[in-house]
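Each chain gets a letter, A, B and so on, in the order its sequence line appears, and its residues count up from 1.
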Amino acid sequence: MAKAPQAVTQYRGKNFDARAIETFLYDWWETSGFFTPAEERPGEKPFVMMLPLPNVTGDLHLGHALSFGGYEDLMARWHRMRGEPTLWLPGSDHAGIIAQIVVEKELAKEFGTRKKGPEAPAAQEGLTRDQFLGEMWRWMEHYKPRIYKQLRMLGCSLDWTRVHFTMDPDLQRTVRTHFIRLYKNGHLYRANRIVHWCLTCGTTYSDLESKHIERTDQLSYVRYPWADPMPPGTPDVIVATTRPETILADTAVAVHPDDERWNALIGKEVLVPVVERRVKIIGDAVVDRAFGTGALKVTPGHDATDFDIGQRHGLQVLSVIDTRGLMTPAAGPLAGLDRDTARSAIVDRLRGAGLLVKQEPITHAVGVHERCDTVDEPLVMKQWWVRMPPLAKPAIEAVRNGSTRIIPGYQEKIFFEWMENIRDWPVSRQIWWGHPIPVWYCRDCEAIVVPEENAPDPTACPVCRSTDVRQDPDVLDTWFSSALWPHSTLGWPARTKDLARFYPGTVLETGYDILFYWVARMMMMGIENMGAVPFGVVYLHGLVRMGNQKMSKSKGNVVSPVGMIEEHGADALRYALVNGVSAGADSEFSEGKLENGRRFVNKLWNIGRFALAQLEARPEALAGAIDVSPAGGADLTEADRWILSRTEAAVLELTRLIEQYQFGEYATALQQFVWSEVADVYVELAKPQRRPAGSEDAAVRTLAYVFDRVLRLAHPIMPFVTDTLALQLWEHGPKDDPAPSLVVSRWPSAGARDRRLEDRFGLAIEVIRRIRDRRHDAGVEAGTKVRVALAGDADPLRPFAGIIASLAGAEVSFGGGAETPTVVRSVEIRVDLPKDAAADRARIEHELDAALTLLEHSRTLLGSDFATRAPAPVVEKARATLAEREAAVGSLKTELEKLGT
RNA sequence: GGACCCAUGGCUCAGCGGUUAGAGCACUCGGUUCACAUCCGAGGGGUCGCUGGUUCGAAUCCAGCUGGGUCCACCA
């Protein structure tokens with residue numbers, strides 16, 4: 001292993017400048033192999049996590065930064081420090097349609113051509129399919145390093161020796177095998193069904209990729225004449241539609257079977273306007289009686305609801321719109337028109353024929369393709385489908401029986417809700433960039449040819465021997481390959497060592513917005529292929545907003561973390577994103593949070609600078625055995641023992657929080673400990689000018705120990721600044737860990753605490769605060785010492801006299817004292833300040849008032865059933881509090897009497 | 001239409017059954033520049049959305065309501 005880079009070990013900035021060290025440090029971590037799990041040793045349980053593969057052509061956004069640089073790297077680093085062989089596997093997704101569009105745009109720029117119109121966009125550049133795929137691959141070499149560099153900038157401790165891309169040749173073989181097995185196991189079928197078609201992208205898409213937007217359209221009321229003479233008084237059949245151009249493909253009119261206006265007429269026939277086709281009136285409960293006239297035109301070829309109705313009633317499926325959005329020859333007089341022109345043309349015709357009853361505006365939800373907001377054009381097409389309910393069943397069971405736990409827990413309900421109502425998944429996509437469908441069709445006998453697993457592409461039909469076989473031109477939905485990520489990247493279907501060792505994984509961390517797209521599908525396919533769920537825990541994080549808006553490209557408020565890292569460093573950004581956010585909750589990011597992160601990083605850096613300076617001044621302090629337990633070390637001061645005990649408390653607390661996946665709380669608690677306790681109290685007391693003579697070495701030893709612990713505790717969230725400091729700290733000699741870097745060092749385990757000391761020290765801090773308050777109110781100058789006498793129940797404070805003196809700027813004595821006291825718990829504090837009887841009286845009255853309120857609370861509480869019903873320790877605590885409050889009130893009353901006379 | 005989440009100081013959020021409800025930012029006042037282009041110290045500010053209920057005890061559990069958000073769904 002190379003030595004740590006000098007740029008890092010020699011860095012001595014007064015403020016921490018992330019730019020000076022981050023890349024050097026990361027390169028060293030990576031080339032040293034710290035991120036690659038060590039060879040397998042018996043009995044070790046690895047920690048395994050897969051990177052939620054970003055789109056190869058994308059840039060990281062703040063959500064990624066939170067996910068990858070926040071939660072995931074935090075977990076990976078923490079588990080690695082716990083001694084678990086840790087595999088966090090990186091990669092990227094070929095991103096099908098998205099990447100194809102990106103590259104098409106690049107090619108358009110390059111070749112100076114302009115893309116327009118829907119059909120086979122890539123072909124417009126004049127490229128054959130093979131040529132276009134060649135271009136795609138060329139661009140992949142441009143995009144892959146980009147996205148991987150951004151992951152490195154975040155500090156992600158990914159094992160780059162195992163990086164994968166979903167279109168890698170080995171993963172292409174994996175996907176092919178998976179498809180073939182799914183087919184053989186009966187999970188795949190090919191069917192002519194209605195699907196969402198995008199006129200812009202030129203491909204079908206699944207329900208999940210469709211969303212709804214509100215829009216106002218014209219609702220046309222159209223009369224369908226009776227096909228046969230009807231008795232007088234028979235009502236006219238009038239339907240309401242926003243898509244009159246599809247009238248040409250109507251094959252029925254549906255009414256609700258319980259609708260008394262219509263149900264007597266079920267079975268009668270009407271004529272479809274313009275084409276004059278006879279169609280039946282049918283009864284179907286899906287019809288909304290309250291909408292329009294209660295009569296629905298049924299167009300199985302161009303509407304999903306109608307398609308289902310058609311299935312139930314055995315209706316013919318007619319198509320009058322093609323994949324370019326143009327009316328087909330079947331549309332007769334309207335053939336060749338686009339859908340909007342056709343709409344107005346048919347309205348004119350209907351009006352001419354006297355069949356248009358009226359038109360009125362209607363605001364309704366229309367389905368659009370989530371990628372491009374193009375209005376859905378439902379079409380009936382032959383597609384490959386995955387039969388989902390049988391695959392969903394064991395995945396539901398896995399969550400029910402706890403094999404996989406979803407955090408936060410309420411997301412399990414959402415998971416069940418969706419999984420229990422899951423619908424089949426159309427996986428064919430009519431684009432070029434993606435995994436080819438390993439199916440061939442015989443053009444002579446129309447046989448479907450799916451090859452055996454390891455067989456080459458078929459060249460002849462096994463049924464009729466014809467050599468005229470052609471591969472399915474479609475590719476698979478991107479999510480079809482990402483669903484395999486947890487096992488495909490480990491070598492499946494081959495039985496590799498990695499697969500045996502690292503499957504199933506430990507945690508899957510990702511945003512709740514892709515629970516269905518990705519997490520659920522990984523679980524289903526993992527169970528199907530491996531017989532086991534791919535991870536034991538699913539940790540879902542929320543969305544990162546900025547300015548209270550969800551970030552999206554269309555809103556133009558996508559903020560790049562790259563610039564923030566360059567300006568403030570990855571540590572600051574990571575900390576700012578994770579701090580104070582709980583699992584699954586959306587969070588609001590702001591400059592203020594980033595600023596806090598930056599300052600915390602700098603605080604850590606400067607505590608380090610102080611500690612290092614102390615070590616350099618007294619190198620001999622670290623010689624020999626170090627006993628820094630709160631109990632040991634005869635020359636330790638009370639302050640040393642206190643911070644040592646608090647450090648152990650912090651170890652316990654921070655460990656617990658990470659174990660319980662409470663990362664936001666971990667970050668907050670860390671800052672609280674480091675800043676308020678280590679920096680503001682202990683470092684102040686460790687300064688040579690404040691130390692009792694002869695205790696300087698003890699301070700240096702304590703500082704070295706505590707700071708080493710602090711660095712370890714902070715490393716998972718702030719890896720760069722902590723390792724920089726650790727490398728410098730460790731140059732000063734003895735450490736209890738042979739690790740060359742914090743990355744591969746050990747997370748501390750908690751040692752003994754001294755609770756009694758912590759409590760008393762806490763009291764001392766309260767007393768100090770009160771003295772400072774009195775000084776502040778009296779306008780005493782900072783440099784001036786005041787005389788302070790402590791009485792009442794002040795004995796526990798005797799060991800801290802020096803500390804109180806030092807931090808409060810006081811000369812401390814016990815007993816008497818002339819001035820009127822202020823009371824903290826049951827300690828009377830007399831600060832020698834200029835006399836002002838009126839002000840003293842007012843102050844004491846005020847204090848007494850507050851003390852009496854508290855006393856009253858205590859008395860009421862203990863006078864109630866609480867005393868008999870609450871658990872003993874709780875009651876005991878309340879009694880102790882009561883005693884303290886009685887003492888405090890007593891002191892204040894006495895004092896007031898003295899003044900009052 | 002169904003489901004889920006959220007409602008706590010000026011802002012962003014923690015806390016989710018037990019003393020006087022916390023943090024960061026913002027604010028007020030006072031210092032310092034001897035680890036910290038800063039930092040330190042002190043302080044003000046909350047009837048924890050509303051109404052009931054359970055409990056010795058509720059911001060925390062239950063029910064209903066109001067307001068915000070998200071997801072799912074076949075509104076032509």
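Taking atom CZ on A:Arg243 and atom P on B:C74, their separation rounds to 16 Å, with Å as the unit. If you measure from atom CG of A:Leu296 to atom C1' of B:A76, you get 5 Å, rounded to the nearest angstrom. Atom CG in A:Leu515 sits about 19 Å away from atom P in B:A3, given to the nearest Å. Note: NE2 (A:His256) to P (B:C75) measures 16 Å, nearest angstrom. A:Gln662 places its CD atom 7 Å from the P atom of B:C16, with the value rounded to the nearest Å. Between the CG atom of A:Asp217 and the C1' atom of B:A76 there is a distance of 11 Å, rounded to whole Å. Protein atom CZ of A:Phe866 is 12 Å distant from nucleotide atom C1' of B:G17, rounded to whole Å. Rounded to an integer number of Å, the gap from A:Asp513 CG to B:C71 P is 9 Å.
Note that CG of A:Leu74 and CD1 of A:Ile658 are 5.0 Å apart. Values are rounded to the nearest 0.5 Å.
The side chain to side chain contact (heavy atoms under 4.5 Å, CB included) with A:Ile607 is formed by just one residue from the set A:Trp675, A:Phe707, A:Tyr682; it is A:Phe707.
Ring orientation note: the planes of A:Phe663 and A:Tyr71 are tilted relative to one another, at an angle of 30° to 60°. Ring geometry for A:Trp418 versus A:Phe516: interplanar angle under 30°, hence parallel rather than tilted (30 to 60°). Note on ring orientation: taking the six-membered ring where Trp is involved, the planes of A:Tyr539 and A:Tyr661 are parallel (angle under 30°, cut-offs 30° and 60°).
The side chain of A:Val874 lies closest to B:G18, out of B:U20, B:G18, B:A76. When distances are taken from the side chain of A:Val286 to each of B:C74, B:U38, B:C75, the shortest belongs to B:C74.
Across all strands, A:Pro408 comes closer than 4.0 Å to no nucleic acid atom at all (heavy-atom distances). Residue A:Asp288 is in base contact, counting any heavy-atom pair closer than 4.0 Å across all strands shown. When heavy atoms are screened at a 4.0 angstrom cut-off, A:His857 is found touching the sugar-phosphate backbone but no base atom.
Heavy-atom nearest nucleotides on RNA chain B were determined for A:Phe291 and for A:Gly592, and the one closer to the 5' end corresponds to A:Gly592. Residue order along RNA chain B, read from the 5' end via each residue's closest nucleotide, puts A:Ile765 first among A:Asp865 and A:Ile765.
When only modelled atom types and interatomic distance are considered, A:Arg599 and A:Asn602 share no side-chain donor-acceptor pair under 3.5 Å. Using modelled atom types and a 3.5 Å distance limit, the side chains of A:Gln359 and A:Ser220 yield a donor-acceptor pair. Side-chain atoms of A:His256 and A:Asp284 include no donor-acceptor pair closer than 3.5 Å.
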Going 5' to 3' along nucleotides 26-36 of chain B, which nucleotides have protein heavy atoms under 4.0 Å from the base (write B), which only from the sugar-phosphate (write S), and which from neither (write -)?
---BSS---BB
Base-pair string, RNA chain B, Watson-Crick plus G-U, cut-off 3.5 Å on both distances, | for inter-strand, is (((((((..((((....[...)))).(((((.......))))).....(((((..]....))))))))))))....
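Counting only heavy atoms from C-beta outward, the side chains of A:Thr510 and A:Tyr517 never approach each other to under 4.5 Å.
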